[in-house]
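Notes for the one structure printed next.
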Amino acid sequence: MLRMSTLFVRTLRDDPADAEVASHRLLARAGYIRRVAPGGFSWLPLGWLVFRNLERIVREEMDAAGFQEVHFPALLPREPYEATGRWTEYGDNMFRLQDRRGADFLLAPTHEEMFTLLVKDVYNSYKDLPVSLYQIQTKYRDEARPRAGLLRGREFVMKDSYSFDIDDSGLDASYATHRAAYISLFERLELPYVIVSAMSGAMGGSASEEFLAPMDVGEDTFIRCTSCDFAANVEAVVTPAPRPIAIEGLATAVVHDTPDTPTITTLVDFVNSNGAMRHPDRDWTAADTLKNVVIKLRHPDGTIEPLTIGVPGDRDVDMKRLEAQVAPAEPEPFTEEDFAAHPSLVKGYIGPGVLGTEGTSGIRYLVDPRVVTGTAWITGANQRGNHVINLVAGRDFQPDGTIEAAEIRGGDTCPACGSEVEIARGIELAHIFQLGRQYAEALDLTVQNENGRPVVPTMGSYGVGVSRCLAAIAEVNHDDIGLCWPREIAPADIHLVIAGKESGPQREAAETLAAELEAGGLRVLLDDRVKVSPGVRFKDAELIGVPTIAVAGRGVADETNPTIEVKDRRTGDRKDVPLAEVVTYLREVCASN
RNA sequence: CGGGGUGUAGCGCAGCUUGGUUAGCGCGCCACGUUCGGGACGUGGAGGCCGGGAGUUCAAAUCUCCCCACCCCGACCA
């Protein structure tokens with residue numbers, strides 16, 4: 001039994017000044033966590049209770065799915081990460097340190113290498129597969145900017161699983177098993193979630209989905225359809241391409257003098273106010289223009305390649321989408337010096353005429369999927385002060401291919417049903433993806449097949465942010481005055497408040513009741529403090545957020561029909577229950593939610 | 001890394017513009033008493049390198065310069 005009189009906690013009347021989001025604010029104010037460094041938190045008894053409840057649930061769900069728990073050090077040597085290239089590729093986000101002899105170590109941001117090596121150590125036959133292993137481990141990432149309390153820390157707890165299969169169909173099955181296990185987990189946690197298709201990012205791999213809890217404090221932007229159930233990370237959105245248009249009969253391309261029109265806005269104004277260039281039926285808009293953006297790609301081997309991207313002029317290039325498309329290469333800005341080295345590129349007037357590997361510039365030219373054959377564009381004529389109107393794709397120029405780099409906007413067409421999408425924010429609770437064989441190959445993991453030949457297993461990677469989920473649960477389960485935990489997560493089942501004098505019938509009744517409840521398997525937090533006014537007890541109970549609050553107060557003093565008040569923290573519903581029946585009643589309440 | 005903001009008691013803040021008693025308020029904490037169903041009241045206490053350093057001055061929380069830390073927005077981010 002927890003007793004407020006001795007519980008190591010001090011609730012705060014005011015919000016901590018450095019806490020912005022509700023979860024951080026309330027967890028700090030209710031005495032669950034204390035910040036000790038940016039992105040680093042201490043857990044107090046109440047916090048540790050709820051954390052362990054969550055951890056237990058995660059563990060139960062993983063075990064139920066047939067995964068086996070292991071545990072690695074967080075402090076790891078450099079060599080395995082050297083072998084996979086991540087010692088260098090991970091960059092500033094990895095905490096690195098040296099031992100007294102100067103040997104390099106790291107605080108693991110993720111554990112692919114360890115799992116791969118462990119399987120390599122222990123298993124050597126195809127008969128051993130498939131296998132899925134997981135751990136619940138503290139991870140370290142030197143985030144450029146930790147924020148929002150537990151939502152983005154530099155030290156945080158993650159449950160990460162890895163599956164090992166002999167072939168692709170096995171990987172598909174393991175992926176499906178994990179996906180189902182995560183659905184079961186988030187349903188149990190009563191966390192709202194959407195599953196969005198995602199890019200696997202720097203980890204490599206193919207199939208990839210994220211579980212996002214849609215809420216404004218989330219940092220991930222995703223789109224979802226307003227009418228069907230499509231949802232996707234912006235980086236993974238595939239733009240629906242319009243149908244090609246027949247080229248026959250389209251107006252011929254004409255070059256016009258367009259002085260002082262280096263930007264899309266100036267260009268559109270110019271062509272609308274110049275009779276010869278006006279559209280026959282309407283005003284031109286920025287969407288009629290084709291903007292050609294030059295960047296440089298830095299490939300992993302260090303080579304630099306220029307690249308031109310053509311997008312409709314009303315859209316910017318989204319750097320995140322671009323990066324996801326060109327990974328593992330990294331985009332870099334095209335500088336004045338670069339323009340000087342490519343005289344065929346006239347800054348502000350770049351057009352398809354010189355672009356493409358077959359063009360005079362020899363620079364690869366990728367366009368937005370909307371630029372299909374037969375579409376006509378106003379675009380640069382590759383001479384200062386000149387643009388061309390009615391330049392038709394497939395007739396007047398041939399791009400080298402398409403690229404998903406244009407920004408996504410609310411109102412864009414849903415790739416699944418053709419309706420409109422909207423932009424939303426979410427917290428990334430989990431990320432599952434098919435890793436493939438890259439880690440196994442890099443670390444030389446093989447097993448023997450039926451013929452005694454070595455084969456490289458294929459892997460899947462599946463992470464859940466445990467401490468982040470705790471914060472997300474708090475975000476979803478609170479109101480203006482405090483937290484209201486789901487029962488499985490809550491630090492107790494019943495918060496029993498004594499509202500009476502230091503010694504009196506209330507205290508006696510509460511002590512007896514608490515003991516009976518505990519004997520019946522319920523977890524009780526008894527507010528047995530003395531010299532604390534009832535108001536403080538009620539406020540604290542509401543702040544701490546145990547789902548059921550029971551009050552031993554004036555109802556107890558009714559000699560003919562003594563009662564205990566039982567209040568639902570979330571709904572505020574209250575009911576006076578006869579003292580003789582209250583144990584049964586509370587058991588039922590706790591069993592039903 | 002760019003922009004903005006803040007550092008004064010455990011927490012939340014005032015004081016700084018215009019330098020000048022012993023640095024203040026609320027909450028919390030300690031002692032005694034009263035109170036006991038919605039963050040009670042009285043009396044008396046404890047608790048401060050005013051983020052750090054250098055300077056200006058008879059005198060610096062307050063003015064000047066440098067540094068540091070933290071928060072927010074952006075960049076970045078399995």
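Hydrogens, waters and symmetry mates play no part in the numbers below; they use all other heavy atoms, side chains included. Proteins get letters first, then strands, A, B, ... in listed order; numbering begins at 1 in each.
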Atom P, compared across B/A9 and B/C49: separation rounded to whole Å | 8 Å
Return all side-chain donor-acceptor pairs below 3.5 angstrom for residues 16-28 of chain A, not counting sequence neighbours, or 'none' if the list is empty.
unit_1, atom_1, unit_2, atom_2, d
A/D18, OD2, A/R35, NE, 3.3
A/S23, OG, A/E475, OE2, 2.7
A/R25, NE, A/D15, OD2, 3.4

B/A31 versus B/G15 - spacing of their P atoms, nearest Å | 34 Å
Residue met sooner reading RNA chain B from 5', once A/P16 and A/R35 are mapped to nucleotides = A/P16
Reckon A/R529 touches a base, only the sugar-phosphate, or nothing at all at heavy-atom distances under 4.0 Å?
-> nothing
Can you tell me if A/S208 and A/H431 form a side-chain donor-acceptor pair at under 3.5 Å?
-> yes
Once you round it to whole Å, what is the distance between P of B/C73 and CG of A/D18?
-> 13 Å
Separation of the P atoms in B/G28 and B/C41, to the nearest angstrom = 9 Å
When you measure from the side chain of A/D14, which nucleotide among B/G38, B/A75, B/G12 comes out closest?
-> B/G12
For RNA chain B, the expected dot-bracket line (Watson-Crick or G-U under 3.5 Å, [ ] crossing, | inter-strand) is (((((((..((((......[...)))).((((((.....)))))).....(((((..]....))))))))))))....
Nearest-Å distance once atom C1' is located in both B/G37 and B/G44 | 30 Å
Please tell me which of the listed nucleotides, B/A75, B/C13, B/G39, lies nearest to the side chain of A/A17?
-> B/C13
A/K531 has its side chain closest, among B/U34, B/G37, B/C73, to B/U34
Only one of A/Y32, A/W43, A/F41, A/F156 passes ring-ring contact (aromatic ring centres under 6.0 Å, His included) with A/F51; say which it is.
-> A/W43
How far does the C1' atom of B/A59 sit from the matching atom of B/A23, given to the nearest Å?
-> 16 Å
So which protein nitrogen or oxygen atoms get under 3.5 Å of nucleotides 5-10 of chain B's nitrogens or oxygens?
none

Mapping A/P146 and A/V532 to their closest nucleotides on RNA chain B, which lands nearer the 5' end?
-> A/V532
Atom CG of A/L133 and atom CD of A/Q68: how far apart are they, to the nearest 0.5 Å?
-> 6.5 Å
Geometric cation-pi criterion, A/R569 with A/W485: 6.0 Å, 45° = no
Distance between the P atoms of B/C63 and B/G74, in whole angstroms?
-> 32 Å
Side-chain donor/acceptor of A/D540 to base of B/G39, under 3.5 Å = yes
Answer yes or no: side-chain N or O of A/R29 and base N or O of B/G39 forming a donor-acceptor pair under 3.5 Å.
-> yes
Pick base, sugar-phosphate or nothing for A/A148, based on heavy-atom distances below 4.0 Å to the nucleic acid.
-> sugar-phosphate
Can you tell me how far P in B/G19 sits from the matching atom in B/U64, rounded to whole Å?
-> 11 Å
